[in-house]
Structure formats: structure tokens, C-alpha cells
Engineer: 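My questions all concern the structure below.
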Amino acid sequence: MAHFLLHYDLAPDYLARRGAFRDAHLALAWEAAAAGRLILGGAVGDPVSFSLLLFDGAASAAAFAAADPYVIEGIVTGWRVMPWTTVVGDGAATPLRSAG
């Protein structure tokens, strides 16, 4: 399985505004996780500076962003889907080990 990161740029007032949309956002996220499309997700930093969500496919990530209340309501100011070449760990898409 390939991996794709959905990167969210956040509005400066993200923390103050997210409460109104958090339940709907989390419901969408848990639905995607239950379907096996969303592997992990969450905010990064303290204080929060951006969010990352790990998906099983680029189309899944883009569809999630298009339906996410955070995006629709403007507390996510930009997003992009990036392929992530995972090479280490049990879930790595392209496991590599040293030759030695």
C-alpha cells in the first residue's frame, strides 16, 4: 500500500474557531479510518502550526479534504497531498533494509 500525506495549512485563529466544526471533522475522520483510507491524523506542534493526515491513496486524501468542514469553513487555508515513500517499519510501503 502506498502512503500519502495530506498537509493542512491552518488559519491564525484555527484553535479559537475549530470547536464549532470539530465534531463533524472527527466524524469524517473516523469514518475514513474505519474504511481503511485514513491511517493516522492530527495537529502538529505546540502551539499547533499545521496538521498532517496519512492516507492510503492520493484520491482518498483529496476527497477527504474536499468534504472536511475545516476546509469548507476556512479554518484550513490551504492543503496539499504529497506522496510519502515509507521505507522502515512494519507498515512501510517499500521496505528497505541494509545490505549488511
Side-chain angles (χ1 to χ4, degrees):
M1 164 189 8
H3 292 126
F4 293 83
L5 291 171
L6 174 58
H7 182 281
Y8 276 175
D9 299 315
L10 306 175
D13 60 351
Y14 165 79
L15 289 176
R17 293 179 51 211
R18 78 173 174 183
F21 314 108
R22 197 167 200 194
D23 283 346
H25 165 79
L26 290 173
L28 182 69
W30 281 106
E31 177 184 315
R37 296 184 305 271
L38 174 58
I39 300 164
L40 291 170
V44 178
D46 185 14
V48 174
S49 56
F50 60 94
S51 291
L52 289 174
L53 298 97
L54 175 60
F55 283 87
D56 69 344
S60 295
F64 181 89
D68 189 352
Y70 284 3
V71 173
I72 294 166
E73 298 297 333
I75 62 172
V76 167
T77 59
W79 59 270
R80 61 192 170 280
V81 176
M82 303 172 290
W84 187 24
T85 305
T86 54
V87 297
V88 176
D90 291 338
T94 52
L96 295 176
R97 298 199 180 266
S98 66

Engineer: Give every donor-acceptor pair under 3.5 Å between a side-chain atom in residues 31-59 and any protein atom, sequence neighbours left out.
Structural biologist:
from: S49; atom 1: OG; to: V44; atom 2: O; distance (Å): 3.4
from: D56; atom 1: OD1; to: S60; atom 2: OG; distance (Å): 3.2

Engineer: Could you tabulate the donor-acceptor pairs under 3.5 Å formed by side-chain atoms of residues 76-100, not counting sequence neighbours?
Structural biologist:
from: T77; atom 1: OG1; to: D9; atom 2: O; distance (Å): 3.4
from: R80; atom 1: NH1; to: H7; atom 2: ND1; distance (Å): 3.4
from: R80; atom 1: NH1; to: D9; atom 2: OD2; distance (Å): 3.3
from: R80; atom 1: NH2; to: H7; atom 2: ND1; distance (Å): 3.4
from: T86; atom 1: OG1; to: H3; atom 2: ND1; distance (Å): 2.7
from: T86; atom 1: OG1; to: A93; atom 2: N; distance (Å): 2.8
from: T94; atom 1: OG1; to: T86; atom 2: O; distance (Å): 3.0

Engineer: Between side-chain atoms of residues 17-28 and protein atoms elsewhere (two or more places apart, or another chain), which donor-acceptor pairs fall under 3.5 Å?
Structural biologist:
from: R17; atom 1: NH2; to: E73; atom 2: O; distance (Å): 2.8
from: H25; atom 1: ND1; to: D68; atom 2: OD1; distance (Å): 2.9
from: H25; atom 1: ND1; to: D68; atom 2: OD2; distance (Å): 3.1

Engineer: Report the distance from atom CG of L10 to atom CD1 of I75, rounding to the nearest 0.5 Å.
Structural biologist: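 One finds 8.0 Å between CG of L10 and CD1 of I75.
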
